[in-house]
J.: 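Here's a structure for you.
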Amino acid sequence: MKQFFAPCLVLASMLGTTFAHAASMPVDTDARFKLGLNASINHYAYNKDNDVTIMPQAFYDNNRLYIEGSEAGYYPYKDAQNEWRLTASYDSRSFGPDDASTAALKGLDERKWSAMVGTSYMRITPYGGFKAQLETDALGRSEGTSAKVAHLSRFKAMDDKVTIYPELGLQWYNDKYNNYYFGVSEQESLRTGITGIKAYNADSSITPYVNVSASYAISPRWSAFISQHLEYLSDEQKDSPLVDNRVDSKTKIGFNYQF
């Protein structure tokens, strides 16, 4: 955690100084709450069976508090060109030995999902949004830290009934994060036997990713959506004995109701 809070405090101090004399947007008292459900089709880079998960989701933004799918948080500052967030999000990456495709992998420990906390800043320009984000594991499972830089856009079509959100970026994971989700300890290796899984130590890495989502307004209150997330694993992650594919893929479909 200390490795995270030092750069986070520096970033927060810089942003606080930048916005100290600026006027943030007023609270939007007309902000509407959206609640929905999504089905996620997960094609993992892990050597395990793919699965389908069904999860609730919510969306809300009143210029102070926000909920955005699997992320929620607070705006210390927000205006037409700048968004500074304090964030909490759900990291769905996990590995269950019972779902492994080989007998040797079934002898490894479970890698659990976690919650991430951090901060982000986005500059909105005529050419889209440019975003930087820093997060750390809040539940102490990997005790890892991640960071990303990304470009986000928004396009509308069909008389504004369809909205498309492309995002392209680079994701950095530190060695603690990678070792928890992709490493294999000496104890695990010994447990799988002489012909089993070799120990593996993963270093930090950078991975490119792309996410494209689209929503369709069925009525003033109902909307449907679909999204596709692809992450191209680094060599540090791909060389793990747990992995048999280079790409993590997640496809979501679902609906939202606006109150």
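In this text the structure is predicted, and so the values were computed from the model without any measurement. Throughout, residue positions are numbered sequentially from 1 according to the sequence presented.
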J.: Take L37 and M55 through the side chain to side chain contact (heavy atoms under 4.5 Å, CB included) test and state the conclusion after the steps.
T.: CA-CA 6 Å; L37 200 66; M55 298 281 289; over 6 Å; no
J.: Minimum heavy-atom separation for S146 and M116, please, with both atom names.
T.: OG-CE, 3.8 Å
J.: Begin with the C-alpha distance, continue with both residues' side-chain angles, and end with the deciding distance and a verdict on side chain to side chain contact (heavy atoms under 4.5 Å, CB included) for K112 and S94.
T.: CA-CA 5 Å; K112 298 180 179 180; S94 63; 5.7 Å; no
J.: CG of D244 to CG of L105: how many Å apart, nearest 0.5 Å?
T.: 9.0 Å
J.: Check whether any side-chain N or O of T136 sits under 3.5 Å from a backbone N or O of G144 as a donor-acceptor pair, and report yes or no.
T.: yes
J.: Is it the case that the side chain of D203 and the backbone of D175 share a donor-acceptor pair, with hydrogens and angles ignored and the cut-off at 3.5 Å?
T.: no
J.: Just wondering, are more than 12 heavy atoms of other shown residues or ligands nearer than 6.0 Å to OH in Y232?
T.: no
J.: Do N50 and N42 come within less than 4.5 Å of each other through their side chains, counting heavy atoms only?
T.: no
J.: Could you check Y177 against D91 for side-chain hydrogen bond (donor to acceptor under 3.5 Å, both in side chains), going step by step and ending with a plain yes or no?
T.: CA-CA 11 Å; Y177 184 98; D91 184 354; 2.8 Å; yes
J.: Is the NZ or CZ atom of R32 positioned over F259's six-membered ring, under 6.0 angstrom from the centre and within 45° of the axis?
T.: no
J.: Which heavy atom of P97 sits nearest to which heavy atom of L108, and what is that distance?
T.: CG-O, 3.0 Å
J.: Could you grab the distance from atom OG of S205 to atom CG of N178, nearest 0.5 Å is fine?
T.: 4.0 Å
J.: Check whether N47 reaches the backbone of V243 with its side chain - one donor and one acceptor, N or O, closer than 3.5 Å.
T.: no
J.: Enter the distance from W222:CH2 to F255:CZ here, rounded to the nearest 0.5 Å.
T.: 5.5 Å
J.: Does a side-chain N-to-carboxylate-O contact under 4.0 Å join R85 and E71?
T.: yes
J.: Looking only at heavy atoms, what is the nearest atom pair of Y66 and T87, with distance?
T.: OH-CG2, 3.2 Å
J.: Any salt bridge linking K176 with D137? Criterion: basic side-chain nitrogen under 4.0 Å from a carboxylate oxygen.
T.: no
J.: Take S223 and N256, measure what side chain to side chain contact (heavy atoms under 4.5 Å, CB included) needs, and give me the verdict at the end.
T.: CA-CA 5 Å; S223 61; N256 291 311; 3.6 Å; yes
J.: Evaluate the side-chain proximity of S114 to Y181: yes if any heavy-atom separation is below 4.5 Å, no if none is.
T.: yes
J.: Please report the shortest heavy-atom distance between E135 and T145, naming the atom on each side.
T.: O-CG2, 3.1 Å
J.: Do S189 side-chain atoms and I197 backbone N/O form a donor-acceptor pair below 3.5 Å?
T.: yes
J.: Check the pair Y121 / N82 against side-chain hydrogen bond (donor to acceptor under 3.5 Å, both in side chains), numbers first and verdict last.
T.: CA-CA 7 Å; Y121 168 70; N82 303 281; 2.5 Å; yes
J.: Does the ring centre of Y46 sit less than 6.0 Å away from the ring centre of F182?
T.: yes
J.: Ring centroid separation for Y90 and W113, is it under 6.0 angstrom?
T.: yes
J.: Are a donor atom and an acceptor atom from the side chains of Y77 and D79 found within less than 3.5 Å of each other?
T.: yes
J.: Assess, by modelled atom type and distance only, whether the side chains of N211 and Q228 contain a donor and an acceptor separated by less than 3.5 Å.
T.: no
J.: First locate atom CG of N179, then atom CG of N201, and finally report the distance between them rounded to the nearest 0.5 Å.
T.: 4.5 Å
J.: Measure the spacing between OG1 of T163 and OH of Y216 and express it to the nearest 0.5 Å.
T.: 11.5 Å
J.: Contact between P166 and F155 at the side-chain level, heavy atoms closer than 4.5 Å - yes or no?
T.: yes
J.: Taking the side chain as every heavy atom from C-beta outward, state whether D248 and K250 have any atom pair closer than 4.5 Å.
T.: no
J.: Is the shortest side-chain N to carboxylate O distance from E167 to K148 below 4.0 Å?
T.: yes
J.: Charged N to carboxylate O below 4.0 Å: is that the case for D28 and K78?
T.: no
J.: Group every Ile, Leu, Val, Met, Phe, Trp and Tyr by side-chain heavy-atom contacts under 4.5 Å, then state whether V247 and V52 land in the same group.
T.: no
J.: Tell me the closest heavy-atom pair linking T192 and A104, and the distance in Å.
T.: CG2-O, 3.4 Å
J.: Can you get from I218 to V162 by hopping between Ile, Leu, Val, Met, Phe, Trp and Tyr side chains that sit under 4.5 Å apart?
T.: yes
J.: Among the clusters formed by ILVMFWY side chains lying less than 4.5 Å apart, do M158 and I164 turn up in the same one?
T.: yes
J.: Quick check against the 3.5 Å criterion: does R64 have a side-chain atom that pairs as donor or acceptor with the backbone of M25?
T.: yes
J.: As an exercise, state the distance from CH2 of W172 to OG of S234, rounded to the nearest 0.5 Å.
T.: 12.5 Å
J.: Going hydrophobic residue to hydrophobic residue with side-chain gaps under 4.5 angstrom, can you get from V27 over to Y74?
T.: no
J.: Would K252 and S213 count as a side-chain hydrogen bond (donor to acceptor under 3.5 Å, both in side chains) here? Give the steps.
T.: CA-CA 9 Å; K252 289 185 179 181; S213 61; over 6 Å; no
J.: Run through the side-chain heavy atoms of Ile, Leu, Val, Met, Phe, Trp and Tyr, join any pair under 4.5 Å, and report what else lands in I253's cluster.
T.: I226
J.: Of the non-hydrogen atoms in Y209 and A150, which two are nearest, and what is the gap between them?
T.: OH-CB, 3.2 Å
J.: Any chance you could lay out the side-chain hydrogen bond (donor to acceptor under 3.5 Å, both in side chains) test for Q57 and N38, step after step, and finish with the verdict?
T.: CA-CA 7 Å; Q57 64 180 13; N38 74 70; 3.2 Å; yes
J.: Given 3.5 Å as the limit, does a donor-acceptor pair link the side chain of K106 with the main chain of A100, or not?
T.: yes
J.: So does L242 get a backbone contact from the side chain of S240, meaning a donor-acceptor N/O pair under 3.5 Å?
T.: yes
J.: Who passes salt bridge (Lys or Arg N to Asp or Glu O under 4.0 Å) against R246, sequence neighbours left out?
T.: D235
J.: Are D109 and R191 close enough, and set up right, to give a side chain to side chain contact (heavy atoms under 4.5 Å, CB included), and what steps lead you there?
T.: CA-CA 10 Å; D109 295 333; R191 197 162 63 234; 2.6 Å; yes
J.: Say whether, by atom type as modelled, one donor and one acceptor occur between the side chain of D61 and the main chain of N63 under 3.5 angstrom.
T.: yes
J.: Taking only Lys NZ, Arg NE, NH1 and NH2, and the carboxylate oxygens of Asp or Glu, determine whether R111 and E188 approach each other closer than 4.0 Å.
T.: yes
J.: If hydrophobic clusters are built by linking Ile, Leu, Val, Met, Phe, Trp and Tyr wherever their side-chain heavy atoms come under 4.5 Å apart, do M122 and V149 end up in the same one?
T.: no
J.: Is the closest basic N to carboxylate O distance between R93 and E231 below 4.0 Å?
T.: yes
